[in-house]
Amino acid sequence: MSDPNEIAAPTASDVLSHVVRGLVDDPDAVRIDAEQRGRRTILEVHVAPGELGRVIGRRGRTAQSIRTVVRAAATRDGVGIDVDFVD
């Protein structure tokens, strides 16, 4: 990445934002931060208080499904992605 403000995985980030905004009651409160850790890009998802459980789902199934879809989208960007849900 030559530009420090450039998102390393724009397709994955857009997909993640779209999916999470569709799950929560307050889509305007959704924030996604990107961070580089070595060769991987970490996308941190922040939602409104009380809505994290909705994004994680029962036994983490929803969160795991979101991670799978976002990793598939990241192949288009040519980067490795991890998704963290931050409280």
Side-chain angles (χ1 to χ4, degrees):
M1 280 189 320
S2 58
D3 182 8
N5 295 323
E6 180 182 340
I7 297 173
T11 305
S13 182
D14 288 346
V15 167
L16 178 60
S17 176
H18 180 76
V19 170
V20 172
R21 287 176 193 271
L23 291 173
V24 297
D25 287 332
D26 186 7
D28 294 332
V30 174
R31 189 179 88 233
I32 297 172
D33 297 330
E35 178 183 326
Q36 282 295 126
R37 291 187 194 156
R39 301 181 102 194
R40 305 217 34 103
T41 300
I42 311 299
L43 297 177
E44 294 181 343
V45 179
H46 302 270
V47 294
E51 293 198 309
L52 190 60
R54 203 171 220 173
V55 176
I56 293 175
R58 291 179 188 246
R59 295 188 176 190
R61 288 187 181 128
T62 304
Q64 193 57 44
S65 297
I66 291 170
R67 287 183 179 109
T68 301
V69 169
V70 171
R71 285 184 183 134
T75 59
R76 178 171 238 182
D77 297 324
V79 297
I81 289 286
D82 287 327
V83 178
D84 289 341
F85 299 95
V86 181
D87 193 20

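In what follows, every heavy atom counts, from backbone to side chain, and hydrogens, waters and symmetry copies are set aside. For clarity, every value in this text was computed on a predicted model and none was experimentally measured. Residue numbers count from 1 along this sequence.
Side chains of Arg71 and Asp82 form a contact here, defined as non-hydrogen atoms less than 4.5 Å apart.
Expressed to the nearest 0.5 Å, how far NE2 of His18 lies from CG of Leu23 amounts to 10.0 Å. Rounded to the nearest 0.5 Å, atoms CD1 (Ile56) and CD (Glu51) are 12.0 Å apart. For the atom pair CD1 (Ile32) and CG (Asp14), the distance works out to 8.5 Å, reported to the nearest 0.5 Å.
Judged by distance alone, with hydrogens and angles left aside, the side-chain atoms of Arg40 form no donor-acceptor pair with the main-chain N or O of Gly80 at under 3.5 Å. Side-chain atoms of Asp77 come within 3.5 Å of backbone atoms of Ala12 as a donor-acceptor pair (strictly under, hydrogens ignored). Not one N or O on the side chain of Ser13 forms a donor-acceptor pair closer than 3.5 Å with the backbone of Ala9.
In plain terms, the two heavy atoms of Ala34 and Leu43 that are nearest each other are CB-CD2, 3.8 Å. Asp84 and Arg37 get closest at one heavy-atom pair: OD2-NH1, 4.2 Å. When all heavy atoms of Val83 and Val45 are compared, the closest pair comes out as CG1-CG2, 4.0 Å. When every heavy atom of His46 is checked against every heavy atom of Asp33, the shortest pair comes out as NE2-OD2, 3.2 Å.
Crowding of Arg76 atom CZ: a count of heavy atoms from other residues, nucleotides or ligands under 6.0 Å not exceeding 12.
Under the 4.5 Å side-chain heavy-atom criterion for grouping Ile, Leu, Val, Met, Phe, Trp and Tyr, Ile42 is not connected to Ile81 through any hydrophobic cluster.
Each of Val24, Val47, Val86 was compared with Leu52 under the side-chain contact (heavy atoms from CB on, under 4.5 Å) criterion, and only Val47 meets it.
A salt bridge links Asp25 with Arg54: the closest approach of a Lys/Arg side-chain nitrogen to an acidic carboxylate oxygen falls below 4.0 angstrom.
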